Amino acid sequence: MVDNKKVKATLPDGSVKEYPGGITLLEIASSIGPRLAREALAAKVDGRLVDLCSTLERDASIQFLTFDDEEGRQVYRHSTAHVMAQAVEKLFPGVKLAIGPAIADGFYYDFDPEEPFTTEDLGKIEKEIANIIKADLPFERRELTRLEALALFRDAGQDYKVELIEDLPEDVPLSCYNQGDFVDLCMGPHVPSTGRLKSVKLLNVAGAYWRGSEKNKMLQRIYGTSFPKKALLEEHLFRIEEAKRRDHRKVGAELDLFSIQEEGPGFPFFHPKGMILRNELEKYWREEHKKWGYQEIRTPIILNRALWEKSGHWDHYRENMYFTNIDENDFAVKPMNCPGCILVYKTKLHSYRELPIRLAELGLVHRHELSGVLHGLMRVRCFTQDDAHIFMLPSQSKEEIIGVIEMIDDFYKVFGFFYHVELSTRPEKAMGSDEMWETATSILREALEAKGMAYKVNEGDGAFYGPKIDFHLKDSLGRTWQCGTIQLDFQMPEKFDLSYVGEDGLKHRPVMIHRVIFGSLERFIGILTEHFAGAFPAWLAPVQVRVIPITERHAGYARQVEDALNEIGIRVEVDARNEKVSYKIREAQNQKVPYMLVTGDKEVEHGTVAVRHRTKGDLGSLSLAEFQDKLLEEIGTKLY
RNA sequence: GCCGAUGUGGCUCAGGGGUAGAGCAGCUCACUCGUAAUGAGCAGGUCGUCGGUUCGAAUCCGACCAUCGGCUCCA
């Protein structure tokens with residue numbers, strides 16, 4: 001140890017401090033302030049994540065991480081996962097440990113126990129976690145060689161850890177951490193000691209395949225979360241409860257939008273009010289597509305086997321398809337709209353002057369999904385894609401993709417959605433040459449970059465015929481669902497021998513874009529329902545106005561108001577039931593009707609309506625004409 | 001499909017080896033009412049389905065179906 005040497009630490013604010021070499025980061029944090037020493041969980045030294053007990057040996061920039069930093073939270077949750085593993089190992093001796101990472105709002109750890117865990121076990125494990133936290137055991141890092149690590153975990157009978165080590169590159173330095181008598185293979189870093197962890201809650205148990213492959217053994221995964229303050233944990237749990245209240249399956253039943261019945265698992269039924277939503281969305285969709293130069297088509301749901309063989313679906317997508325037999329010939333129910341659309345393109349010869357040709361279709365597709373994945377409207381077995389196929393010159397592809405990106409952005413803005421974008425590349429089971437894939441992928445990348453969009457790359461997640469840009473929206477619990485997608489395809493034009501006549505009078509091969517904006521009407525309605533918690537903007541609301549006569553003698557006037565609103569295309573209902581005003585208002589509120597018009601003696605006398613808005617409350621009296629203008633304006637601008 | 005949990009009137013749920021109970025909703029009646037639940041009465045269930053154990057099953061056992069939370073897969 002060099003005792004006299006000084007090291008310089010550059011802090012995030014730019015200030016530089018000098019310390020004796022070999023000082024620990026925790027000591028540095030203390031020198032800056034007691035609060036930082038208390039709240040720091042780990043640190044970054046020249047951008048590298050390290051433990052607070054590690055030492056500073058040379059000049060470096062350092063940054064302390066607290067729970068307020070994303071990376072700090074991850075360290076905190078990851079350390080909690082280790083403590084949970086320690087608790088599980090103590091309560092269930094012989095349990096094998098797999099992996100235990102931090103995730104978005106918490107952590108999980110995968111175990112291979114003798115018996116699956118029960119919900120009651122979670123309580124016991126939580127108690128043991130509390131004991132470990134109370135004991136305030138330090139997290140100690142130890143570096144070891146591959147051989148040492150193999151010996152350690154092999155002796156401990158930790159087969160999964162051994163497998164992990166064996167799969168790591170030979171030259172990577174290994175480390176493990178222990179707290180008390182518990183040891184785990186881990187890169188770290190960790191919080192200094194178990195006492196740093198405060199409020200831990202285990203949320204649920206679920207099965208999960210080892211290394212995410214269904215070919216492997218199914219392990220038992222315990223999900224949990226942790227916070228440095230009890231109040232933060234409670235707030236988080238409250239948010240989860242709140243989100244469940246927005247669940248589209250619950251809201252959809254309450255507002256009578258749709259149902260899913262035993263008779264048709266994954267095949268949703270749309271009720272009258274749900275159909276209003278759908279139809280309004282479709283109406284908007286048609287208007288926009290007209291503006292963007294699309295033409296609408298409709299193709300059959302059932303087409304013959306030869307077509308699906310030609311398109312490659314027979315080879316690449318069969319396990320997701322439904323089949324039938326007509327006059328002793330094989331047919332399939334379409335899982336995608338593209339082959340049908342291609343047949344439309346092929347009905348005549350096309351000139352380069354016509355391109356791009358944009359053919360849109362609200363196409364009902366059926367896909368066989370595993371029973372365990374069905375989820376309300378979000379994941380179903382039949383759905384309507386707001387599909388379109390663009391046939392174009394290769395030189396038009398980037399520009400067309402940019403157009404679609406802009407169009408999707410326009411659509412999502414109307415609903416106030418935030419989204420994130422992923423670029424999905426060549427999957428294992430794919431058609432076409434590597435060069436084609438490379439060209440297509442780089443065109444998509446260039447389009448994204450031209451729009452300055454941040455995106456994440458999703459390796460191997462493309463369609464079997466081409467790479468794609470996916471647009472993901474969030475549901476009420478923060479789970480993301482792919483909605484919009486843009487796929488660039490050089491394969492189908494080849495397979496179907498598509499052509500256009502060029503300037504030179506010769507036949508050339510066009511390129512195709514497959515794209516959806518809503519994704520599927522079903523999923524989009526699910527997202528929409530959760531986003532607005534059922535309180536749809538007026539333009540979408542199944543019932544826009546409910547007229548509430550105060551007593552039976554005001555019912556006649558209420559009917560007049562109803563007629564007047566109907567006349568201008570407003571969706572209106574009269575609640576003429578023999579109930580108190582407050583009762584009818586409560587019900588209209590629960591049904592999330594945007595406007596309630598209370599009509600009593602005063603309104604009858606002056607020809608007005610007393611307006612109540614579902615969130616703004618009592619807005620006072622307006623003449624019927626004024627109210628009509630305001631509402632039409634709100635609907636026209638699609639205000640949300 | 002796999003792991004775990006759940007399944008009782010339209011909804012939310014209680015009960016539990018001796019052939020079902022509440023609240024809300026529905027219907028009827030009374031009240032004729034001014035911004036989130038007026039009162040009274042009535043009606044409503046092969047306890048997911050099929051099979052087994054039993055003198056007797058909604059209750060115990062098994063299989064299946066569906067749903068929920070995940071895994072895997074995808075719009």
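Quick caveat: nothing in here was measured; it's all calculated off a predicted structure. Throughout, protein chains are lettered first and strands after them, A, B, ... in sequence-line order, and every chain is numbered starting at 1.
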Pick from A:His248, A:His375, A:His420, A:His531: which one makes a ring-ring contact (aromatic ring centres under 6.0 Å, His included) with A:Trp481?
-> A:His375

Between the protein and nucleotides 5-9 of chain B, which nitrogen or oxygen pairs come in under 3.5 angstrom?
none

Any salt bridge between A:Glu254 and A:Lys250, counting N to O under 4.0 Å?
-> yes

Classify the angle between the aromatic ring planes of A:Tyr412 and A:Phe471 as parallel (below 30°), tilted (30 to 60°) or perpendicular (above 60°).
-> perpendicular

Complement of B:A14, any strand, by Watson-Crick or G-U distances under 3.5 angstrom | none

When you check the gap from the basic side-chain N to the acidic O, do A:Glu605 and A:Lys602 get nearer than 4.0 Å?
-> no

Could you work out the separation of B:A63 and B:G56 based on their P atoms and round it to a whole Å?
-> 23 Å

Apply the salt bridge (charged side-chain N to carboxylate O under 4.0 Å, His left out) test between A:Lys217 and each candidate in A:Asp112, A:Asp159, A:Asp110; give the one that qualifies.
-> A:Asp112

Determine the interatomic distance between P on B:G44 and the same-named atom on B:G9; round to the nearest Å.
-> 15 Å

Across every strand shown, the nucleotide meeting Watson-Crick or G-U wobble geometry with B:A57 (both distances under 3.5 Å) is none

For the pair A:Phe464 and A:His316, name the ring-plane relationship: parallel under 30°, tilted 30 to 60°, perpendicular over 60°.
-> parallel

Roughly how far apart, to the nearest Å, are B:U67 and B:U12 at atom P?
-> 15 Å

Quote, to the nearest angstrom, the P distance that separates B:A5 from B:U46.
-> 29 Å

Expressed in whole Å, how much space separates the P atoms belonging to B:G10 and B:G69?
-> 23 Å

Provide the distance between the two C1' atoms, one in B:U53 and one in B:C61, to the nearest whole Å.
-> 7 Å

Strand partner of B:U72, provided both Watson-Crick or wobble distances fall under 3.5 Å = none

Any strand, both distances under 3.5 Å, Watson-Crick or G-U wobble: B:G45 pairs with none

Determine the sole option in A:Phe107, A:Phe117, A:Tyr108, A:Tyr109 for which the ring-ring contact (aromatic ring centres under 6.0 Å, His included) test with A:Tyr223 is passed.
-> A:Tyr108

Could you work out the separation of B:G15 and B:U8 based on their C1' atoms and round it to a whole Å?
-> 9 Å

Flag the pair A:Glu530 and A:Arg246 as a salt bridge only when some basic side-chain nitrogen lies within less than 4.0 angstrom of an acidic carboxylate oxygen.
-> no

In B/S/- notation (B base, S sugar-phosphate only, - none; protein heavy atoms under 4.0 Å), nucleotides 68-75 of chain B written 5' to 3' is SBBBBBBB

Applying side chain to side chain donor-acceptor pair (under 3.5 Å), name anything that partners A:Thr529, two or more places apart in sequence or on another chain.
-> none

Return the set of residues passing ring pair (Phe, Tyr, Trp, His ring centres under 6.0 Å) with A:Phe524 (not counting sequence neighbours), or none when no residue passes.
-> A:Phe415, A:Phe417, A:Phe518

Contact string for nucleotides 32-37 of chain B, one letter per nucleotide 5' to 3', B = base within protein heavy-atom range under 4.0 Å, S = sugar-phosphate only, - = neither, reads BBBBBB

Can you tell me how far P of B:C3 sits from NZ of A:Lys215, to the nearest Å?
-> 17 Å

Round to the nearest Å and state the distance from A:Ile260 atom CD1 to B:U67 atom P.
-> 8 Å

Quantified in whole Å, what is the C1' atom distance between nucleotide B:C74 and nucleotide B:U6?
-> 26 Å

Partner nucleotide of B:A40 by Watson-Crick or wobble geometry (both distances under 3.5 Å) | B:U28

Lys/Arg N to Asp/Glu carboxylate O, A:Asp315 vs A:Lys429, below 4.0 Å = no

Nearest-Å distance, CZ (A:Phe258) to C1' (B:G10)?
-> 16 Å

Excluding sequence neighbours, so at least two apart, what forms side chain to side chain donor-acceptor pair (under 3.5 Å) with A:Lys592?
-> none

Whom does B:U6 pair with, Watson-Crick or G-U wobble, provided both distances fall under 3.5 Å?
-> B:A66

